[in-house]
2 protein chains.
Amino acid sequence: MDDLTEMLKGTLEGCVLEIISGEETYGYAITRRLHELGFTDVIEGTVYTILLRLERNGLVQVTKRPSGVGPPRKFYALNDAGRGELAAFWTKWQYVSSRIDKLRIDKLKEGGR
Amino acid sequence: MDDLTEMLKGTLEGCVLEIISGEETYGYAITRRLHELGFTDVIEGTVYTILLRLERNGLVQVTKRPSGVGPPRKFYALNDAGRGELAAFWTKWQYVSSRIDKLRIDKLKEGGR
DNA sequence: GCCCACTACTCGGTGATACCGTATAGTGGT
DNA sequence: ACCACTATACGGTATCACCGAGTAGTGGGC
């Protein structure tokens, strides 16, 4: 799949919040999870900028823990503000995606005139 | 619905392409159509920016016609490149939205542990 | 005749976001 | 000693939607 960066703007952060909400985790693992999900072109640097932003905006609780296989990891967990932000994200996503899907379905219904 | 601007990045242009593909139309009418579709906060200036970009990128054919109720209108129609871009947009949208929905559904399935 | 509302388009500048490249650093294998 | 893998940080860039102000044409109320 070719370049998705523009379409991911405004949604990638929500995806990261969702991943964090599932379990306390860290940047390197989040990147691999995104790759598994199909977002194969998302690069580590992007994930770290999002995580630093989440921290700066007070949406996460951060805990540094030693790794055993490399440098220490920064584990992220959502706080109340983060859970609120995640809920707001899904509300927005539902709103936007349903309307875009409708625009597409209406077109398909015409039967390609 | 509060601010959707970030989430619309990369998709609003596709919506405009879709609207144009339905019928030859012009900026002011496209703006009203977007409002009808639920994107009530999209402002005229944004639509015109997109239209100028489409023109600059050679995705549309432009015809100026007198209006009768105001200044002349610039009517936009997709050319072959524009139809290709629209098809690519829907492919991307399908790819991204299905994966994001999956992320959400997987979470709901857990039953809010 | 004059202002105003509605229609219709343009353009310079702003803010947010994902991406790129590079740097730093810990662990373990050869 | 070198390299691969793990793990994070940071300055700079491109793109996009948005903002604000400006320009114009038509028609209605006073």
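Reminder, nothing fancy here: chain letters follow the sequence lines and each chain counts from 1.
When the side-chain contact (heavy atoms from CB on, under 4.5 Å) test is applied to Ala88(A), no partner is found at least two apart in sequence or on another chain. Every salt bridge (Lys or Arg N to Asp or Glu O under 4.0 Å) that Lys74(A) has, sequence neighbours left out, goes to Glu55(A). In this structure, Glu85(A) has no salt bridge (Lys or Arg N to Asp or Glu O under 4.0 Å) partners at least two apart in sequence or on a different chain. In terms of the salt bridge (Lys or Arg N to Asp or Glu O under 4.0 Å) criterion, Asp2(B) has no residue partners (sequence neighbours excluded). Under the side chain to side chain donor-acceptor pair (under 3.5 Å) criterion, Asn57(A) pairs with no residue, sequence neighbours left out. Under the salt bridge (Lys or Arg N to Asp or Glu O under 4.0 Å) criterion, Asp80(A) pairs with Arg83(A), not counting sequence neighbours.
You can see that DNA chain D meets the heavy atoms of chain A within a 4.0 Å-exclusive cut from dT6(D) to dC16(D), reading 5' to 3'.
Among residues at least two apart or in separate chains, there is no side chain to side chain donor-acceptor pair (under 3.5 Å) pair with a member in residues 40-50 of chain A. Within the structure, side chain to side chain donor-acceptor pair (under 3.5 Å) contacts touching residues 60-69 of chain B (residues at least two apart or in different chains) are Glu24(B)-Arg65(B).
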Sub-3.5 Å pairs of nitrogen or oxygen atoms, protein against nucleotides 19-23 of chain C:
unit_1  : atom_1 : unit_2   : atom_2 : d
dC19(C) : OP2    : Thr46(A) : OG1    : 3.0

Where do N or O atoms of nucleotides 4-9 of chain C meet protein N or O atoms at under 3.5 Å, pair by pair?
unit_1 : atom_1 : unit_2   : atom_2 : d
dT7(C) : OP2    : Tyr28(B) : OH     : 2.6
dT7(C) : O5'    : Tyr28(B) : OH     : 3.3
dA8(C) : OP1    : Ser67(B) : OG     : 3.1
dA8(C) : OP1    : Arg73(B) : NE     : 2.3
dA8(C) : OP1    : Arg73(B) : NH2    : 2.2
dA8(C) : OP2    : Tyr26(B) : OH     : 3.1
dC9(C) : OP1    : Lys74(B) : N      : 2.6
dC9(C) : OP2    : Gly27(B) : N      : 3.3
dC9(C) : OP2    : Tyr28(B) : N      : 2.9
dC9(C) : OP2    : Tyr48(B) : OH     : 2.8

Without placing hydrogens or testing angles, list every side-chain donor-acceptor pair under 3.5 Å for residues 25-35 of chain B, not counting sequence neighbours.
unit_1   : atom_1 : unit_2   : atom_2 : d
Tyr26(B) : OH     : Arg73(B) : NE     : 3.4
Tyr26(B) : OH     : Arg73(B) : NH2    : 3.3
Thr31(B) : OG1    : Gly27(B) : O      : 3.0
Arg33(B) : NH1    : Glu36(B) : OE1    : 3.2
His35(B) : NE2    : Val42(B) : O      : 2.6

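With hydrogens and angles ignored, the 3.5 Å screen pairs a side-chain donor or acceptor of Lys92(A) with a backbone N or O of Asp3(B).
Counting distance only, with no hydrogens placed and no angle test, the side-chain atoms of Lys9(B) and the base atoms of dA16(C) include a donor-acceptor pair under 3.5 Å.
Rounded to an integer number of Å, the gap from Glu6(A) CD to dA18(C) P is 10 Å.
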